[in-house]
Amino acid sequence: MCRAAVRGALRCGRCGFCLAVKGSCAMLNNFWYGLAHGSAITSIPRQVVVMGRPLVLYRTAGGRVVALEDRCAHRDTALSGGWVEGNCLRCPYHGWRYAPDGACTEIPANQPGVAISRLAKVETFPVQERHGLVWVFLGELPEAQRPELPPLPEYAAPGWRAVRGEFTWSGHYTRVIANTVDMSHAPFVHAAAFGRKEAPRIQTYHIESERWRGSASIQFKTKPAYFLKLVLGQTPPDGSITSTFHLPNVTQVHHRFGRIQFILFLVHVPVDDRTTHTCWLHLRNFVTHAWADPFMHRDVVRTFRQDDSVVRLQPPGPVPEQLGAEVHAPSDGLEVAYRRLRRLCGRVEWASPAQNPRITEGASP
Ligand code: FES
Ligand code: CO
């Protein structure tokens, strides 16, 4: 948690990201945040809002993605309204030009012999592309100490096919993450699809945690629904679901029905207290032809709409800092683990692998 947020500021004066809610920080620093699909970032600048703070992403002539604060140092104009020239970004108002390191390198109206002020710069953020996504580091750690990204070996593995999309939720990103690691809502929220209302019980499960991630698997009986009906038939075999969260903003749900597998890999971009923008990947190892992609896309969006119908009924802002503020059942163990780890990271302000907090609890909250 950022210190300015601890002091109770509504908005952190240091990093600008943290909306303090009851003294806690809504955003964890020193993490890579997945913020966009790489294919969506081109030479046309694109604004991405992170916890109320706008960033601009663009791709240079050399193919590299750059992330800058979306605010011209001159008159606060959004640089995303400008255009890319080579590796630089030109402000649309008076044409100041910014290099990828955030420094202004040209002021067209400058009188001859006038140097560019060293204050003429905007903040820049480290970027990397992995799994077809753009990841931006929002903290202050040097490169060697930054955490690694969540692994997704199936993305590049033979025999798998990916569909990607975006979805906007009416809820804080921590509520969206809690929903996607929630093991017990399918019989109710997804009753019209794959949820089986007559079988709501969740078996006891074990939570594995390592560094900033937590994971749990349960056996899963599904109803034939959507595209899976064609693949699994009218009486689908029992399967399993492995749900995983990776701090700060990634969740993954891995379904297995015998040899048939599919994975939802989700990066939940925190926009504000009641908005989350999710960039999602759906990977499958069956019917890997392109003609099936629109069906997969439609099924994923339908499922998200069902989830959003309940997330939007929750209060705005992050999940409560105090675990006791809401009542948990043992079947909520993975979600509770997420809350615990998030709170722990916020308290120690994660800094290096040696300081990684761990959770060691089982499923009981
Ligand atoms: Fe950007 Fe003036 S506001 S150049
Ligand atoms: Co759901």
Side-chain angles (χ1 to χ4, degrees), residues 45 47 54 56 58 68-85 88-99 102-111 114 116-117 119-124 165 167-171 173-197 199-200 202 216 218 220-223 225-226 228 239 241-245 251-255 262-266 268 276 278 280 282 298-314 331-332 334-335 338:
Q47 186 183 77
V56 55
Y58 70 93
L68 303 174
E69 63 177 320
D70 194 10
R71 182 197 73 82
C72 179
H74 185 213
R75 292 292 178 267
D76 271 354
T77 307
L79 293 172
S80 53
W83 57 90
V84 173
E85 291 180 3
C88 298
L89 185 57
R90 179 82 72 178
C91 177
Y93 199 167
H94 311 91
W96 288 25
R97 186 184 65 194
Y98 292 91
C104 176
T105 54
E106 186 189 354
I107 297 179
N110 245 2
Q111 282 89 358
V114 176
I116 296 173
S117 164
L119 298 176
K121 62 181 181 194
V122 295
E123 196 169 352
T124 184
F167 184 83
T168 301
W169 305 73
S170 295
Y173 84 107
T174 57
R175 291 288 188 186
V176 175
I177 289 175
N179 168 266
T180 55
V181 299
D182 180 305
M183 299 289 205
S184 59
H185 70 276
F188 298 91
V189 176
H190 304 298
F194 51 84
R196 294 177 68 220
K197 217 163 191 165
I202 301 291
I218 56 169
F220 182 63
K221 287 182 190 299
T222 187
K223 261 184 353 202
Y226 302 159
L228 268 186
I241 291 184
T242 302
S243 280
T244 306
F245 65 82
T251 54
Q252 180 175 328
V253 188
H254 193 144
H255 295 73
F262 60 98
I263 296 169
L264 265 174
F265 186 88
L266 316 170
H268 306 288
T276 302
T278 294
W280 57 265
H282 179 284
R298 188 190 60 192
D299 289 359
V300 171
V301 172
R302 262 197 300 214
T303 302
F304 285 164
R305 285 201 184 118
Q306 291 163 358
D307 286 314
D308 186 49
S309 73
V310 288
V311 168
R312 62 172 57 234
L313 300 178
Q314 297 180 291
S331 53
D332 299 323
L334 185 59
E335 190 188 331
Y338 163 64

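Values below: all heavy atoms of this structure, side chains included; hydrogens, waters and symmetry mates excluded. Each ligand, and each atom within it, is numbered from 1 in the order the structure gives.
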- Protein N, O or S atoms lying under 2.8 Å from the Co ion (ligand 2), listed by chain and number: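 Those protein N, O or S atoms (cut-off: under 2.8 Å from the Co ion (ligand 2)) are His185 NE2, His190 NE2, Asp307 OD1, Asp307 OD2.
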- Using the side-chain contact (heavy atoms from CB on, under 4.5 Å) rule, take Ser80 and Tyr58 through it: C-alpha gap first, then chi angles, then the decisive distance, then the call. CA-CA 9 Å; Ser80 53; Tyr58 70 93; over 6 Å; no
- Would you say the side chain of His254 lies within less than 4.5 Å of the side chain of Thr244, judging by non-hydrogen atoms?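 Counting from C-beta outward, Thr244 and His254 never come under 4.5 Å.
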Rounded distance (nearest 0.5 Å) linking atom [atom1] of [X] with atom [atom2] of [Y]:
| X | Y | atom1 | atom2 | result |
| --- | --- | --- | --- | --- |
| Thr251 | His268 | OG1 | NE2 | 3.0 Å |
| Ser243 | Leu264 | OG | CG | 10.0 Å |
| Tyr338 | Asp182 | OH | CG | 13.0 Å |
| Trp280 | Thr278 | CH2 | OG1 | 11.0 Å |

- Task: Using the side chain to side chain donor-acceptor pair (under 3.5 Å) rule, pick out the option among Arg305, Arg312, Gln306 that qualifies with Asp308.
- Result: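 Answer after filtering Arg305, Arg312, Gln306: Arg312.
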- Would Tyr98 and Cys104 satisfy side-chain contact (heavy atoms from CB on, under 4.5 Å), going step by step from the backbone distance to the final call? CA-CA 4 Å; Tyr98 292 91; Cys104 176; 3.9 Å; yes
- Task: Keeping waters out of it, list the protein N, O or S atoms under 2.8 Å from atom 1 (Fe) of ligand 1.
- Result: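 Hits for atom 1 (Fe) of ligand 1 below 2.8 Å: Cys72 SG, Cys91 SG.
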- Message: Evaluate His185 against Asp307 for side-chain contact (heavy atoms from CB on, under 4.5 Å), listing each step before the verdict.
- Response: CA-CA 9 Å; His185 70 276; Asp307 286 314; 3.0 Å; yes
